[in-house]
Amino acid sequence: MEPKLDTVLRIVLPGDLVSEASSNSNTLKVFLGPGLRFSNNEVRATRAGLLKKEGKNLYYVETMQKRYVPQRREFVVGIVTKKKGDIYLIDIGGHEPATISYLAFENASKKTKKELKLGDLVYGQLLVASKDMEPEMVCIDIYNRAVGMGVLPEGGFLFTIPLHVARSIINPKNPFLLEIARHISYSIVVGFNGRVYVKAGRRAEMVAIMHAIQLLEETNLEEATSSLSKLIDSFLLNYVS
Amino acid sequence: MAQHKGELNFLSRSDGSALYSIDDTVILASVHGPSDVKVSNRKHDGLHLDVCFSPRTGSSNIGEKTIEAIITHTIKQCLLAHLHPRAGVTLTIQEMQSGGLDLSVSINASCLALLDAGIQMSTTFAAVTCCLTSDDVCIVEPSEIELKESKAVLTYVFDGTKMDVITTHQEGAFDCKQLLKCLAKCKTVAKDV
């Protein structure tokens, strides 16, 4: 069972009519999430997937996408690719690299600059993300605190997963990451762009965690949880020497 | 009607892919994007679409370029291109097995691949091929032998919402009456597709 309160309505394909708005429907406000478009007084789907309803009036289409399209306020894991004056260019998996100012870190000032090396991994939040502009990242919240964001420590392991898997394991109601934690102690950072950073004591443990999470691509949560301990044990036994 | 088979997410590394077959024709389509494109291809107001058709053997020729052009034209009508300015989508179509219905299978495969990649589209689309024999009988989704003996081959692409024709491609000689007859026949078949 998916640990979600959102109700699945039905499967939609692009162009499917979701609902027709009548002119006097001002009484009920409906919010359209990703995958839905309003045109000519009709709401039509633009992506294939499950039409879901969250709360009272938020509708969206849940898809199995692999390519990330930047959205504002989403947390992402990026790789530093270039230094350009006082900004860094960061690859977040979208079609354009995101920018981050060297001042957008906790306790950074013009005198105490944050130095990033090429290839460093950065966990941050998207401040600007619209289709017409380059995305901009920050590693601080509005109170100038890092709250876990910033450069990720070395010795970890980065891999990519489809976006719907990333979204599902981030969900605080999802017990999967806690289930792994019963076997291995580790730290994990999951970006909305499908990049996952894992750090554990041993390399074999990190590989085991990667394979455990990749189980979710093909199977549902229940099956993945039941085969979890077997999978992790097989990895750890092989690499014990 | 010929047997249709489709498989989504066939390739693990592309953003979206689909394997589609009608009888003996098998086509694999894969989509990459929305991703970065060359500056020369970059459009300030929309998505750049690049279609590449590679045949089973040898390198692509003028015949393949025609197919690419038809597919590009078809997809452009269904894509919501304005949602991803300065980005590009690459669609690679690989012919796996040829049974004569290359064009319609490629179009159906690319539609499924685009669905799998989660690219925003205004509608889905489906293609149907039929042929006219020398005694004016219309065969829908003919076999390779039937294609060779026919005097005209017609392919129609319909959109998934209103069932309107968005692309046609014809080869051979026929009159207006026959065209309309084939069109009606294809339309009923396309609903199933």
Quick check for you: to the nearest 0.5 Å, what is the distance between [X] atom [atom1] and [Y] atom [atom2]?
{"X": "A/T46", "Y": "B/L83", "atom1": "OG1", "atom2": "CG", "result": "7.5 Å"}
{"X": "A/Q214", "Y": "B/S12", "atom1": "CD", "atom2": "OG", "result": "10.0 Å"}
{"X": "A/E96", "Y": "B/H84", "atom1": "CD", "atom2": "NE2", "result": "12.5 Å"}
{"X": "B/T161", "Y": "A/E42", "atom1": "OG1", "atom2": "CD", "result": "9.5 Å"}

Heavy atom to heavy atom, less than 4.5 Å: which residues from residues 127-136 of chain A reach chain B?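 A/K131, A/D132, A/M133, listed by number.
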
Side chain / backbone / both / neither for A/V61 at chain B, heavy atoms under 4.5 Å: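 Neither part, no heavy atoms under 4.5 Å.
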
What closest approach, in Å, do B/I119 and A/R47 show between heavy atoms, and which atom pair accounts for it?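 The pair with the smallest heavy-atom distance is O-CG, 4.5 Å.
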
Which atom pairs, donor and acceptor, lie under 3.5 Å between side-chain atoms of residues 75-89 of chain A and protein residues at least two apart or in another chain?
unit_1, atom_1, unit_2, atom_2, d
A/T81, OG1, A/L89, O, 3.2
A/Y88, OH, A/K114, O, 3.3
A/Y88, OH, A/L116, N, 3.2

May I ask you to name which of B/L114, B/V37, B/D116, B/N9 has the most heavy-atom pairs under 4.5 Å with chain A?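 Heavy-atom pair counts peak at B/N9.
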
Go through B/C78, B/S35, B/G160 and name the one with the most non-hydrogen pairs under 4.5 angstrom from chain A.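 Among the listed options, the one with the most contacts to chain A is B/S35.
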
Backbone N or O of B/D15 within a donor-acceptor pair of the A/R67 side chain at under 3.5 Å?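 Such a contact is absent between A/R67 side chain and B/D15 backbone.
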
Residues of residues 41-51 of chain B with any heavy atom under 4.5 Å of a heavy atom in chain A: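 Under the 4.5 Å heavy-atom cut-off, nothing qualifies.
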
Heavy atoms, side chains only, cut-off 4.5 Å: are B/T124 and A/P14 in contact?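 B/T124 reaches A/P14 side chain to side chain.
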
Could you work out, with side chain to side chain donor-acceptor pair (under 3.5 Å) as the rule, every residue matching A/Q65, not counting sequence neighbours?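 Result, side chain to side chain donor-acceptor pair (under 3.5 Å) vs A/Q65: none returned.
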
Give a yes or no on whether [X] atom [atom1] has more than 12 heavy-atom contacts from other residues, nucleotides or ligands under 6.0 Å away.
{"X": "B/R56", "atom1": "CZ", "value": "yes"}
{"X": "A/I11", "atom1": "CD1", "value": "no"}
{"X": "B/R13", "atom1": "CZ", "value": "no"}

Structural part of B/S122 lying under 4.5 Å from a heavy atom of chain A: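 Only the backbone of B/S122 comes within 4.5 Å of chain A.
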
Please look at B/A117 and chain A and tell me whether the side chain, the backbone, both or neither of the residue comes under 4.5 angstrom of a heavy atom of that chain.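 Only the backbone of B/A117 comes within 4.5 Å of chain A.
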
The test is side chain to side chain contact (heavy atoms under 4.5 Å, CB included); show your working for A/M64 and B/L8 and say whether it passes. CA-CA 11 Å; A/M64 311 256 259; B/L8 287 179; over 6 Å; no

